[in-house]
Each structure stands twice: as structure tokens, then as C-alpha cells.
Amino acid sequence: MYGKEKYDEIEIPSNLSEVIQDARKRAHKLKWNKRVWRGSSLVAACAAIVITVNVPTVALALSDVPIIGSVVKTLQIGSGGQFTDGAVVTTKQESDSLSIHFKVDGNQLASAPAYTVERLAGPDRLVFTFNGVRELDYAKIEKDIRALNYVKDVYRNIILDDSAVRFVIELKENVDYSVSEYKDPGYIQLKLFSAANRSQPRELFFVRSQDMEEGEALAMLAEQFDDKGSSMVKTRTGKFAVVMGSFDNLAQAETWLQQMKQQKEDEVVSQLYVDHWMSNANPK
């Protein structure tokens, strides 16, 4: 899958580090040596370059690439995995990385289940959704995530699908990340690292609900506005709100809310309102 033909088709970005360029050159020298090909962590790193997408700091993402498993893709936003059912989730935390593993009937899956990763502002957070999952030890997952140096908070989102799980990781200031998908065995690895060039926090405007307790009512409200890009976020009170949009000014947010009310006149929509807070902060 990662042979010479596919390798030669790769267009290497000009801003990659000299380390990666050197790895590419040495990979050509090793191309006919199968024994070295299987055992070399250098070639594993080159394989990661083949399928890496939308990660500006590829060299950092490729640091400490594990030998076990083959990289399918490395991303910051997007989706991947294979459709399955009945998966059990376990996690392992090491330094500033989190490995998320999946089993069915006690056996490690060859591929990760279908998943999505989003990065949202207000606060700066990652939203992970895994489908085909029936069981997870959330207390263990939360403990492992909180042990990562760059994490500010973590919480679970209740969703109306008993075969899917979602959790949110709030990030500290000036943090970037990569999400790598592996196969044989299938697992997901999250890496967090310092990003000095992250944009400065700014004021954003949202359409939101009132504070609510976590539970089915909150999940139902979020699902009702799923086509509007709704998400559930923890407020400063410790409760939750359904929020939509991410506007630069009050006029944009108010216009969008008025359009929603015109499209659907009901009590739920009438209770929504425009609020604002900083891109790195939680709503009141």
C-alpha cells in the first residue's frame, strides 16, 4: 500500500522540516529491502507522510510514531474509521498523547469505528463522536484526558443514539493538536502540543438556549437544531447550553436568529437569544 509507485506520486509541501525531507531520501534507499521496510520506524514515519492531511505541523505530529499499527490518516478536523457495532472503548494516556482503543467481544478491532472530530470556539474545544460504540468507561477516559497537560476541561455530551458516544475536550491557551487513525490494530491517537502562533482570543456572537441540566432534554434540543450546526457547551454555572453560529458581530447573529424564527415559529425557537463571549471562554 505504501510502495514506490504511491510514494513517487506524493507532493511534499515545501515547508516541511529538514528531518522529513531526509526521511524521504533515505526511504528511497530502503525501498527494496523488505526486512528493513518492516522494522524501520523511519519508514513508518514516511508512511505517515503519504496519508497525512490538513495538519500544518506535520513534523511535530509525526514525532514518536508508534511501530505497532499502520497510519491511515492524520487530521485536525474531519472523519474516518469503518462502520461497526458493539465496540467497547478503552484509553491509554502517555505524556501529552491519548490513545483510544476499541474491542468487540474482547478482540481488538482491525480498524477504528466511524468517528468525527470538530474544533469549535467559545471555548476552544475538540468534539469527538464515535459511532458503533456500546460501552465505555467514561470515568477512565475522563481521568486520562485530564492528565494531559494542555487540557482545561473534559465532559461528555449525551446524544440520542445508544450506539454512539460524544465527549468534549476544552483546551488551554495556545494549544494545537493532531488526530491520527491507525489500523491493524485500529485505534485513534490524540496528540496535544504548544502552538505559539495561535490567533488571539476575540469576541464572538452566538445564538443560544437558556442554561440546562445535562440530560435527555438538552440532547433533544441539540438534535432539533442539528441542521443549524448546534453543539452543547458547558457554561460558567456548570450547566449546559445549546449554541449555534459563531458570528463576528451582533447584527449577523440577530439576523440569523430572525431568519430562524421566520422559518419555524414555535415556543422553542422563541426562547433562543443572542449572546456573546470570548472565543477562549465559556458562556455565562
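What's counted below: heavy atoms across the whole structure, side chains too, no hydrogens, waters or symmetry copies.
Using modelled atom types, one side-chain atom of Arg236 and one backbone atom of Asn282 make a donor-acceptor pair closer than 3.5 Å. Formation of a donor-acceptor pair under 3.5 Å by the Lys191 side chain with backbone atoms of Asp176 is not found in this model. When atom types are taken as modelled, the side chain of Ser95 and the backbone of Ser97 share no donor-acceptor pair closer than 3.5 angstrom. A donor-acceptor contact shorter than 3.5 Å is absent between the side chain of Glu216 and the backbone of Leu218. Of the possible donor and acceptor atoms, none in the side chain of Asp105 sits under 3.5 Å from a partner among the backbone N and O of Asn107. Proximity of a side-chain donor or acceptor of Lys284 to a complementary backbone N or O of Asp275 within less than 3.5 Å is not detected. At least one donor-acceptor pair closer than 3.5 Å links the side chain of Ser230 to the backbone N or O of Phe225. Under a 3.5 Å cut-off, the side chain of Ser209 and the backbone N or O of Ala241 do not form any donor-acceptor pair.
Interatomic distance, NZ of Lys92 versus CD1 of Ile141, reported as 15.5 Å (0.5 Å rounding). Distance check, rounded to the nearest 0.5 Å: CZ of Arg156 to CD of Glu214 gives 8.5 Å. For the atom pair Leu171 CG and Asn280 CG, the distance stands at 11.0 Å (nearest 0.5 Å). The structure places OG1 of Thr235 at 11.5 Å from CE of Met212, a figure rounded to the nearest 0.5 Å. Rounding to the nearest 0.5 Å gives a distance of 5.0 Å between CG of Leu190 and CD1 of Ile169. Taking CG from Asn149 and CG from Leu192, the interatomic distance works out to 9.0 Å, rounded to the nearest 0.5 Å.
The number of heavy-atom neighbours closer than 6.0 Å to NZ of Lys103, taken from other residues, nucleotides and ligands shown, is 12 or below. More than 12 heavy atoms of other residues, nucleotides or ligands sit less than 6.0 Å from atom NZ of Lys228. Residue Gln224 places its CD atom among more than 12 non-hydrogen atoms of other residues, nucleotides or ligands, all under 6.0 Å distant. Within 6.0 Å of atom CZ in Arg202, 12 or fewer heavy atoms from other residues, nucleotides or ligands are found, so the atom counts as exposed in its surroundings. For Lys261, the NZ atom is densely surrounded, since the number of other residues' heavy atoms within 6.0 Å is greater than 12.
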Show the numbers, then the answer: is there a side chain to side chain donor-acceptor pair (under 3.5 Å) between Thr129 and Arg166?
CA-CA 4 Å; Thr129 304; Arg166 178 177 296 157; 2.8 Å; yes
Please determine whether side chain to side chain contact (heavy atoms under 4.5 Å, CB included) holds for the pair Met232 and Ile158, giving the CA-CA distance in whole Å, both sets of side-chain angles, and the decisive distance to 0.1 Å.
CA-CA 9 Å; Met232 293 173 275; Ile158 303 300; 5.9 Å; no
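Following chains of ILVMFWY side-chain contacts shorter than 4.5 Å, one can reach Leu257 starting from Leu250, so the two form part of one hydrophobic cluster. Side-chain heavy atoms closer than 4.5 Å link hydrophobic residues (I, L, V, M, F, W, Y) into clusters, and following such links, even through other members, never connects Phe128 to Val88. Side-chain heavy atoms closer than 4.5 Å link hydrophobic residues (I, L, V, M, F, W, Y) into clusters, and following such links, even through other members, never connects Tyr273 to Val233. In the hydrophobic cluster analysis, where Ile, Leu, Val, Met, Phe, Trp and Tyr join through side-chain heavy atoms closer than 4.5 angstrom, Tyr155 is grouped together with Tyr150. Linking Ile, Leu, Val, Met, Phe, Trp and Tyr whenever their side-chain heavy atoms come within less than 4.5 Å leaves Val269 and Met220 in two separate clusters.
Partner of Leu120 under the side chain to side chain contact (heavy atoms under 4.5 Å, CB included) criterion, chosen from Val127, Val243, Val168: Val127. Each of Asp96, Asp144, Ile145 was compared with Val151 under the side chain to side chain contact (heavy atoms under 4.5 Å, CB included) criterion, and only Ile145 meets it. With Val274 as the fixed residue, the side chain to side chain contact (heavy atoms under 4.5 Å, CB included) test singles out one of Glu254, Arg208, Gln252: Glu254. The ring pair (Phe, Tyr, Trp, His ring centres under 6.0 Å) test with Tyr187 is passed by exactly one of Tyr182, Tyr115, Phe130, Phe102: Tyr182. Of the residues listed (Glu170, Met278, Lys234), the one engaging Pro123 in a side chain to side chain contact (heavy atoms under 4.5 Å, CB included) is Glu170, and it is the only one.
We find that Lys172 and Asp124 are not joined by a salt bridge, their nearest charged nitrogen and carboxylate oxygen being 4.0 Å or further apart. The residues Glu181 and Lys183 are annotated as not salt-bridged, no charged nitrogen and carboxylate oxygen being separated by less than 4.0 angstrom.
Judged by distance alone, the side chains of Ser70 and Asp184 never bring a donor and an acceptor atom under 3.5 Å apart. No side-chain donor from either of Ser178 and Thr74 sits under 3.5 Å from a side-chain acceptor of the other.
When all heavy atoms of Val242 and Ala222 are compared, the pair lying nearest together is CG2-N, 3.9 Å. Across every non-hydrogen atom of Ala253 and Val207, the tightest pair is O-CG2, 3.9 Å. Taking every heavy atom of both residues into account, Ser279 and Leu204 meet most closely at CB-CD1, 3.7 Å. Nearest heavy-atom pair across Lys73 and Gly80 is NZ-CA, 4.0 Å. In this structure, Gln108 and Pro185 approach most closely via the heavy-atom pair CG-CB, 3.3 Å. Of all the heavy atoms in Gly122 and Pro283, the pair that sits closest is O-CD, 4.1 Å.
Proximity of Val268 to Leu221: side-chain heavy atoms (C-beta onward) are separated by under 4.5 Å at one or more points. A 4.5 Å side-chain heavy-atom check between Glu118 and Ile77 finds every atom pair outside the cut-off. For the pair Val179/Leu126, no side-chain contact is recorded, criterion being any heavy-atom separation below 4.5 Å from C-beta on. The side-chain heavy atoms of Asp85 and Ser163, taken from C-beta on, include a pair separated by under 4.5 Å. At a threshold of 4.5 Å between non-hydrogen side-chain atoms, the residues Thr91 and Ser99 do not count as touching. Side chains of Phe247 and His276 form no contact here, defined as non-hydrogen atoms less than 4.5 Å apart.
Scored by the side chain to side chain contact (heavy atoms under 4.5 Å, CB included) test, Asp137 finds Ala139, Lys140 as partners (sequence neighbours excluded).
Between Phe206 and Trp277, the gap from one ring centroid to the other is short of 6.0 Å. Separation of the Phe167 and Tyr138 ring centroids does not fall under the 6.0 Å cut-off.
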